[in-house]
Number of protein chains: 2
Amino acid sequence: MASKIQGARQRARGEITTAIKDEARRHLADEGAARLSLRAVARELGMVSSALYRYFPSRDDLLTALITDAYGAVGAAAEAARAEAESVADSHLVRWRAVCRAVRAWALEHPHEYALIYGSPVPGYEAPPSTTQPASRVGLALLGILRDAHTSGALREPARTAAAPEAVLKDAERLVGDLGVQLPAAVAAEAVAAWSQLFGLVSFELFGQFTNVVAAREAFFDHAVERLADQVGLRR
Amino acid sequence: MASKIQGARQRARGEITTAIKDEARRHLADEGAARLSLRAVARELGMVSSALYRYFPSRDDLLTALITDAYGAVGAAAEAARAEAESVADSHLVRWRAVCRAVRAWALEHPHEYALIYGSPVPGYEAPPSTTQPASRVGLALLGILRDAHTSGALREPARTAAAPEAVLKDAERLVGDLGVQLPAAVAAEAVAAWSQLFGLVSFELFGQFTNVVAAREAFFDHAVERLADQVGLRR
DNA sequence: TCTGAAGCGAGAGCAGTGCTCTCGTTGCAG
DNA sequence: CTGCAACGAGAGCACTGCTCTCGCTTCAGA
């Protein structure tokens with residue numbers, strides 16, 4: 001893109017756009033996605049509600065922007081945790097733990113943004129295809145760790161119970177092909193399961209299902225993460 | 001249907017209450033919880049919106065009623081599946097599969113009700129204590145299967161990786177005490193993890209995270225359920 | 001340098017929402 | 001039979017998302 005130097009107008013547009021998103025995020029944390037009010041956001045910014053439509057064509061588009069940003073934020077947190085673990089220890093298990101914990105930590109810090117992306121889909125709206133790429137970053141981080149472990153021979157064969165059925169392996173094959181990750185399909189299949197189960201743990205904690213069930217949240221999570229690591233072939 | 005309901009006042013009250021809930025459920029299936037409109041429900045029922053407040057003091061109370069019903073419905077589905085499996089086969093693994101599949105099947109049939117209870121918590125509202133009892137029915141069904149397996153000696157010691165840490169075992173101990181289920185704490189701890197991971201699988205499928213990732217949904221789920229069973233000590 | 005088009009914010013307005021209050025009516029327990 | 005409590009209807013309040021029109025400002029091309 002041969003982008004010119006931004007004029008005052010374009011720069012202002014960018015700044016106002018992020019100001020709107022920031023204010024919206026603040027409102028999100030206050031009362032959740034369903035009660036996010038365009039008018040309230042505009043009011044707080046000293047604008048009139050109609051002016052806001054110059055930046056986001058609808059409320060759902062604002063939400064989509066927040067969703068994309070949130071996926072980016074968890075993804076970045078996961079990647080950062082992985083990179084840091086790589087610089088500290090050689091163990092793939094340590095990296096696996098680091099990414100899982102980073103996801104949980106981010107969720108606890110941004111519960112409403114987490115709910116936005118991993119909770120019920122908002123009203124009547126379909127996630128546009130533009131969100132699928134940032135949505136896959138956490139999964140990619142996990143798969144990347146497994147690939148490293150695999151290439152360095154640190155991976156146990158995951159099939160301890162029955163092997164995954166043909167259809168599942170086929171999906172996994174296609175997935176590693178799409179993502180360009182060098183990994184046996186059997187491992188990838190277990191990784192996808194572990195990935196979704198990881199978010200099951202985080203969601204249940206965050207959405208209140210652990211009330212009166214689990215008190216030692218962090219210890220419980222860490223233990224479950226060890227099990228997931230085992231399930232995926234990262235032997236301890 | 002705006003059919004007039006006659007009869008004793010109390011009966012009419014009961015019938016109208018369920019009519020409101022039914023209509024609300026229908027609207028729920030159409031456009032999701034966030035867009036559930038009291039006025040629209042009343043309109044469909046041939047009432048005026050204010051009349052509806054005689055039955056539910058607020059929109060959130062209507063949602064709470066729907067939530068409680070939904071928990072009851074999944075719980076009933078899970079219990080029915082368990083009972084039917086018990087009458088058919090002696091295998092505890094078969095019962096475990098049956099309950100897990102019943103949960104998924106119910107979720108696929110009632111996606112919006114599922115989102116209501118296992119998705120993001122609605123707006124600014126806290127689940128009242130009255131929902132925690134029906135919310136635990138699925139978990140109880142799973143724990144019950146494990147207890148039966150345990151008392152009949154069909155349970156493998158689940159600790160294959162490290163044992164659960166002290167704090168986790170203590171929680172599990174308290175849990176089996178509260179529920180009156182005779183089960184080793186180590187097993188209960190794994191069961192809670194498996195329980196939340198089960199819903200991670202269902203939620204990811206239902207909320208669209210498996211788009212472009214998993215195509216053979218049922219096979220994938222079934223395979224993951226086998227892994228969960230293994231994790232929990234139900235050897236195959 | 002001038003000018004016309006595009007971008008912008010303000011304001012009014014529409015249809016819809018949750019919720020409250022008041023008003024007649026009606027069922028039923030005492 | 002009567003008095004009260006429950007009921008449905010309706011008006012109204014404050015709020016929402018969104019549209020449209022109006023002038024002002026910016027900026028690119030002539």
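Numbers restart at 1 for each chain; the letters A, B, ... are given by sequence-line order, proteins then strands. Worth knowing before you read on, the calculation uses all heavy atoms, side chains too, and leaves out hydrogens, waters and symmetry mates.
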Heavy atoms under 4.0 Å, any strand shown: does B:Ser50 hit a base, just sugar-phosphate, or nothing? base
Under 4.0 angstrom between B:Arg13 side-chain N/O and D:dC7 OP1 or OP2: yes
Pick base, sugar-phosphate or nothing for A:Ser58, based on heavy-atom distances below 4.0 Å to the nucleic acid. sugar-phosphate
May I ask you to say what B:Tyr55 touches in the nucleic acid, namely base, sugar-phosphate or nothing, with a heavy-atom cut-off under 4.0 Å? sugar-phosphate
Step by step, would you call B:Arg26 with B:Glu23 a side chain to side chain contact (heavy atoms under 4.5 Å, CB included)? CA-CA 5 Å; B:Arg26 216 164 301 138; B:Glu23 189 59 44; 2.7 Å; yes
In whole angstroms, how far is the P atom of D:dT25 from the CZ atom of A:Arg11? 21 Å
Report, as yes or no, whether the 6.0 Å neighbourhood of atom NZ on A:Lys170 holds more than 12 heavy atoms from other residues, nucleotides or ligands. no
What I'd like to find out is whether the side chain of B:Arg227 reaches to under 4.5 Å of the side chain of B:Gln231, using heavy atoms alone. no
Using whole Å, what does the distance between atom P of nucleotide D:dG8 and atom CZ of B:Phe56 come to? 13 Å
Parallel, tilted or perpendicular: which one describes the rings of A:Phe210 and A:Phe220, with boundaries at 30° and 60°? perpendicular
Where do A:Leu198 and A:Phe221 land on the side chain to side chain contact (heavy atoms under 4.5 Å, CB included) test, with the steps shown first? CA-CA 9 Å; A:Leu198 164 67; A:Phe221 179 80; 3.6 Å; yes
Of the options C:dG18, D:dT16, D:dA9, whose atoms approach the side-chain atoms of A:Ala40 most closely? D:dT16
Counting any heavy atom closer than 4.0 Å, what does A:Leu62 reach on the DNA or RNA strands: base, sugar-phosphate only, or nothing? nothing
On a plain distance test, is the side chain of B:Arg39 in donor-acceptor contact with the base of C:dG16 below 3.5 Å? no
Checking all strands, does B:Leu52 fall into the base, sugar-phosphate, or nothing category for heavy-atom contacts under 4.0 angstrom? nothing
Side chain of B:Ser37 (C-beta onward), nearest among D:dG8, C:dC19, C:dT17: C:dT17
Any side-chain N or O of A:Arg35 below 4.0 angstrom from OP1/OP2 of C:dT17? no
Please tell me if A:Arg54 has a side-chain N or O lying less than 4.0 Å from either OP1 or OP2 of D:dT19. no
Using a 4.0 Å heavy-atom cut-off, does B:Leu36 contact any base of the nucleic acid, only the sugar-phosphate backbone, or nothing at all? sugar-phosphate
Answer with base, sugar-phosphate or nothing: what part of the nucleic acid does B:Ser49 contact at a heavy-atom distance below 4.0 Å? base
